[in-house]
Amino acid sequence: MTDLHVVALVSVGAHPTSGRPRRAEQDARAVELGLRLAGEQLQVVHAGDVADEALRAYLGMGLPRLTVLEQPPRADALPALVEHLANSPAQLVLTGSQAETGEGSGMLPYLLAERLGWPLVVGLADIESVENGQALVLQALPRGQRRRLRVRLPFLASVDNGAPAARQSAFGPARRGQLQAQESAPAVDPLLSVATLQPARLRPKRLKVVSAGSAAERMRAATRKATGGGGQTLEGVSPQAAAEAIFNVLLDEGVLR
Amino acid sequence: MLDTILQILLSAALGLAVLGAVKRFSMWRRGRPAPVDWLGGLMKMPRRYLVDLHHVVERDKYMSRTHVATAGGFVLAALLAVVVHGFGLHARILGFALLAATALMFVGALFVARRRRNPPSRLSKGPWMRLPKSLLMFAASFFLATLPVAGILPEGFGGWLMAVILAVGVAWGVSELFFGMAWGGPMKHAFAGALHLAWHRRPERFRAPHNASAARSSGLKALDFEDIAAPLGVGKPRDFTWNQLLGFDACVQCGRCEAMCPAFAAGQPLNPKKLIQDMVVGLAGGSDKAYFGSPYPGIPVGEHAGAPDQPIVVAGAGGLLEADTLWSCTTCRACVEECPMMIEHVDAIVDMRRHLTLEKGATPGKGAEVLDNLIATDNPGGFAPGGRLNWAADLDLPLMSEQHSAEVLFWVGDGAFDMRNQRSLRAFVKILRAAHVDFAVLGLEERDSGDLARRLGDEATFQTLARRNIATLSGYRFARIVTCDPHSFHVLKNEYGALGGHYEVMHHSTFIDELVRHGALRLGQSKASRVTYHDPCYLGRYNGEYEAPRAVLKATGIEVSEMQRSGFRSRCCGGGGGAPITDIPGTQRIPDMRMADIRETGAELVAVGCPQCTAMLEGVVGPRPEVKDIAELVAEALIEPDAPVKPSAPAAREVAEVQ
């Protein structure tokens with residue numbers, strides 16, 4: 001596992017109550033996983049402003065350096081990251097699920113995986129082993145469940161709060177570590193250049209009306225696993241038929257047009 | 001014949017002692033440089049020892065008097081012995097003087113021996129049990145050897161046998177008292193102690209009067225972040241300044257610190273005496289096998305070792321000591337207060353914590369979270385900074401940002417976010433209003449004082465918070481700062497100075513006392529009966545304020561029944577130094593022990609003057625005495641003139657600072 005090339009992608013976060021810049025919670029967890037896997041060999045990459053002091057919080061986790069692909073404010077980070085990763089020996093790319101600032105759409109891991117043509121594991125909780133070009137990983141599912149997956153390298157994984165908590169950021173390493181700027185072609189985000197950002201509003205949630213008599217029933221209702229309701233399990237069908245069924249669902253849901 | 005042997009023995013022992021002293025001195029000098037007043041310090045040393053230190057030494061009267069006889073006798077005897085037996089100056093008068101000195105020393109040594117017959121657990125054993133015998137041997141053999149000089153016995157009395165016996169006795173005596181002094185024996189305390197007093201890193205502690213705040217010199221020393229080469233705290237013994245190393249060597253292992261340490265009593269893995277001895281092991285190199293005192297509770301002796309260039313804390317196992325030892329400290333300063341050698345335990349602990357936090361990122365418990373909160377929200381709880389004034393939403397407090405000047409700046413502190421402490425704060429506002437004090441608060445411009453960050457070793461966050469607070473304060477005019485929080489009080493008063501903030505700061509108890517004495521408050525009889533008062537460490541030991549809170553309570557008609565451990569010996573509530581954050585397990589909780597002290601007085605109510613103490617003592621399970629802040633007690637006893645009800649204008653809301 002020592003010569004495994006691991007890259008963690010980080011962004012600048014914002015504290016939920018004060019809004020001050022900080023290391024992003026999920027990205028820091030990605031760095032934590034990467035440090036456990038690759039130690040100081042871990043490459044950490046940020047697309048943005050090299051002068052952003054909040055990036056030093058990542059260095060404080062014990063990184064000697066952090067690569068910054070220089071981008072103007074409100075630029076699209078995707079093209080620069082794709083270019084950087086495609087030209088690097090990276091085998092495993094870790095990233096948070098959703099940024100705390102900017103658009104925060106959570107789309108970056110998906111778009112990145114699509115452009116690179118790599119598989120994507122969402123909700124990575126742990127990496128158990130990497131052997132013979134394959135990784136054995138644990139994926140976090142709701143309610144503390146874990147799913148063990150075998151993934152071939154290279155792949156991309158996004159972490160959420162199911163991953164181990166990030167270690168403390170210390171002042172000494174943060175001060176000593178280097179932010180290394182790397183020039184990259186600025187990518188204008190056509191949407192962001194005209195639109196304005198405003199804080200997302202929580203969507204109203206449909207109340208779950210529980211018409212249960214006993215306390216035990218209400219308890220069961222409150223803790224019941226959320227299920228999709230519809231859906232169908234395909235068993236013993238040919239791959240062709242299965243793919244067709246999935247394709248039809250995606251068409252129905254409007255994912256594919 | 002005997003004279004020649006004595007001469008040889010004396011000169012050999014003295015020669016070796018000088019060699020050892022040079023070696024020991026070079027060990028201390030391995031530490032980082034620190035400026036000292038070399039000559040001036042040495043000149044002041046006798047006065048510091050005999051006068052300035054007296055009040056501390058005197059607390060153990062038995063040992064104080066014993067020490068006068070033993071040490072006084074020894075110093076005299078040693079000087080005279082060198083003249084009489086070393087240089088062979090056999091004057092009769094000198095002989096008598098030497099006889100008197102050795103006799104005095106012998107009597108003192110007898111009392112030392114008596115204490116050692118059944119020594120209290122705080123005393124170290126091992127070589128220390130040998131010391132009284134060596135002292136007696138030194139005194140007795142020089143006494144006998146001097147009898148002929150004084151002309152009491154004829155020259156050559158006792159013949160060969162006597163000469164051999166005396167030679168052995170003298171050899172034993174001088175090897176312990178001269179040779180052992182410089183080569184790390186128990187008598188090292190005299191040699192290192194004297195120099196430690198001369199080149200102490202806080203010479204202001206020897207100022208008179210000793211109980212004044214200035215002479216307490218309790219503020220931590222700032223790290224210089226401009227100096228990139230300087231280590232961030234202490235990771236290995238060499239990172240201490242050289243006079244800190246010297247200070248560790250001065251320890252006489254009397255264990256007074258151990259007897260007072262709340263963490264030790266609670267069974268947490270800390271013993272201040274052992275900590276200092278571990279530092280001695282670190283500066284000289286070796287293991288702690290040669291330590292014969294009480295261990296850190298739960299950690300056996302003999303498993304740790306270190307050297308000047310070895311890391312002090314090694315994650316996992318080994319090292320000089322465990323990190324938990326450092327994080328058990330509540331920084332209550334009880335050890336520093338008791339130390340007759342003026343050793344600075346708390347400085348050393350915080351120095352080592354700085355390394356763990358700033359370099360290793362290894363603050364235990366909730367430490368990392370709290371520090372992140374302080375950085376991002378200016379308060380340890382991570383509350384939205386915009387809610388800092390919510391506790392006073394209906395009080396229409398005057399804001400500094402609006403009126404720019406006031407007689408009194410009321411520093412609210414982070415207690416503003418704590419619902420229990422808000423009651424104390426509101427009580428204090430009631431008092432301020434009743435006394436028609438011209439005051440204002442900083443409101444949302446106030447930040448955490450940095451106390452917690454600093455005690456957790458995060459000097460960087462402390463300095464950031466402090467500098468921002470200083471910048472805010474510099475924009476306003478006020479005569480003094482008054483706060484209900486002794487931690488903010490201490491930091492603002494004693495620790496902002498090094499960063500350029502100099503203020504007159506008062507604890508609310510001192511301020512209320514002043515108001516009462518000037519007749520600005522009309523106080524009735526408090527309904528509270530059977531009350532005791534708990535001295536907060538940061539008000540009492542840190543700043544010497546014991547009188548004002550008691551005077552205020554008295555003014556409300558409360559008769560305080562004192563706890564056995566009160567005043568400068570007050571036991572910590574367990575809430576200082578980030579101890580509730582790091583939460584190192586022990587066998588019992590410090591606040592429970594303090595509550596037992598309180599119960600012992602039969603009190604139904606304990607008056608406190610600190611939000612931390614309130615929180616810790618109220619955390620003790622009931623039934624227990626009630627806990628009330630002094631401000632609450634005063635506000636209850638307040639006789640208010642029919643105050644005109646002021647229509648409260650809608651308070652101008654500041655926009656929460658988001659950056």
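The sequence lines fix the lettering, A, B, ..., with proteins before strands; numbering per chain opens at 1.
Side-chain N or O atoms of A/Gln168 include one that pairs as donor or acceptor with a backbone N or O of B/Thr363 at under 3.5 Å. No donor-acceptor pair closer than 3.5 Å links the side chain of B/Thr377 to the backbone N or O of A/Ser18.
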Only pairs under 3.5 Å count here: list side-chain donor-acceptor contacts from residues 54-68 of chain A, not counting sequence neighbours, and write none if there are none.
residue : atom : partner  : partner atom : Å
A/Arg56 : NH1  : A/Ala174 : O            : 2.8
A/Arg56 : NH1  : A/Gly177 : O            : 3.0
A/Tyr58 : OH   : A/Ser11  : O            : 2.6
A/Tyr58 : OH   : A/Ala24  : N            : 2.9

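One finds the CZ atom of A/Phe171 at 8.5 Å from the CG atom of B/Asp458 (value rounded to the nearest 0.5 Å). Considering CG of B/Leu232 and CZ of A/Arg176, their distance stands at 7.0 Å, rounded to 0.5 Å.
The number of heavy-atom neighbours closer than 6.0 Å to NZ of B/Lys366, taken from other residues, nucleotides and ligands shown, is 12 or below. Dense packing is recorded around CZ of A/Arg146, with more than 12 heavy atoms of other residues, nucleotides or ligands lying under 6.0 Å away. In A/Glu183, the CD atom is not crowded: 12 or fewer heavy atoms of neighbouring residues, nucleotides or ligands sit closer than 6.0 Å. Dense packing is recorded around CZ of B/Phe225, with more than 12 heavy atoms of other residues, nucleotides or ligands lying under 6.0 Å away.
Here the shortest heavy-atom pairing between B/Gly382 and A/Thr17 reads O-OG1, 3.4 Å. Here the closest non-hydrogen pair linking B/Leu358 and A/Ala170 is O-CB, 3.3 Å.
Ranking B/Ala368, B/Ala376, B/Gly233 against chain A, the residue ahead of the rest is B/Ala376, based on heavy-atom pairs under 4.5 Å.
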(message) As a quick check of understanding, evaluate side-chain contact (heavy atoms from CB on, under 4.5 Å) for B/Ile375 and A/His15, giving each step before the final call.
(response) CA-CA 10 Å; B/Ile375 292 168; A/His15 193 273; over 6 Å; no

(message) Could you walk me through whether B/Ile228 and A/Arg175 satisfy the side-chain contact (heavy atoms from CB on, under 4.5 Å) test, starting with their C-alpha distance in whole Å, then the side-chain angles of each, then the deciding distance to 0.1 Å, before giving a yes or no?
(response) CA-CA 10 Å; B/Ile228 296 288; A/Arg175 185 172 68 166; 4.0 Å; yes

